[in-house]
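Heavy atoms only: backbone and side chains are in, while hydrogens, waters and symmetry mates are out.
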Amino acid sequence: MEDEEKKIYIAMHDEGHEYPKDSIGSVIGAFDTRDEAAACLMLTGFSETDKYGNFWKGRDRAWIHETSFD
């Protein structure tokens with residue numbers, strides 16, 4: 001049996017600063033599913049996603065960074 005690639009979804013935000021990559025920012029939390037990460041952002045006051053997949057709370061941009069591990 002082959003091992004499945006495990007994924008983690010990290011809710012992050014930039015506190016109003018623009019970073020060159022979505023892997024740089026402040027971590028809000030790490031989750032097993034994208035839906036859990038999105039729910040966390042919504043519960044902490046961020047809007048639904050814009051057309052680029054970003055969440056917003058004023059000038060504070062948030063996003064979900066997906067990473068995988070074995």
Side-chain angles (χ1 to χ4, degrees):
M1 180 170 107
E2 291 185 31
D3 289 277
E4 281 187 34
E5 185 177 72
K6 296 176 181 80
K7 293 186 179 186
I8 190 166
Y9 300 86
I10 305 168
M12 303 180 74
H13 69 125
D14 66 6
E15 300 180 48
H17 304 284
E18 290 187 28
Y19 295 109
K21 295 183 178 184
D22 281 349
S23 58
I24 301 172
S26 299
V27 174
I28 295 172
F31 304 90
D32 292 329
T33 68
R34 185 173 194 80
D35 288 343
E36 290 173 346
C40 172
L41 291 173
M42 302 282 285
L43 288 170
T44 55
F46 286 91
S47 67
E48 293 187 35
T49 57
D50 62 14
K51 66 181 180 179
Y52 302 106
N54 297 309
F55 298 79
W56 291 92
K57 182 168 56 172
R59 291 186 55 221
D60 191 1
R61 179 179 73 99
W63 62 94
I64 299 170
H65 180 75
E66 179 183 314
T67 190
S68 57
F69 60 96
D70 295 326

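- Annotation for A62 and F46: closest pair CB-CE2, 3.5 Å, computed over non-hydrogen atoms.
- Using a 4.5 Å heavy-atom threshold, the side chains of D60 and D14 count as touching.
- Rounded to the nearest 0.5 angstrom, I28 CD1 and L41 CG are separated by 5.0 Å.
- For S47, the side chain to side chain contact (heavy atoms under 4.5 Å, CB included) test picks out W56, with sequence neighbours left out.
- Under the 4.5 Å side-chain criterion, counting only non-hydrogen atoms from C-beta, F55 is in contact with I64.
- Note that NZ of K7 is 11.5 Å distant from CZ of F69, once rounded to the nearest 0.5 Å.
- Summarising the geometry, atom NE2 belonging to H13 is positioned 4.5 Å from atom OG belonging to S26; distances are rounded to the nearest 0.5 Å.
- Residues A11 and A37 approach most closely at CB-O, 4.3 Å, considering heavy atoms.
- To the nearest 0.5 Å, the span separating OG1 on T49 from CE on M42 amounts to 8.5 Å.
- Within a 6.0 Å radius of OH in Y52, no more than 12 heavy atoms belonging to other residues, nucleotides or ligands are found.
- Judged by distance alone, the side chain of K57 and the main-chain N or O of T44 form a donor-acceptor pair under 3.5 Å.
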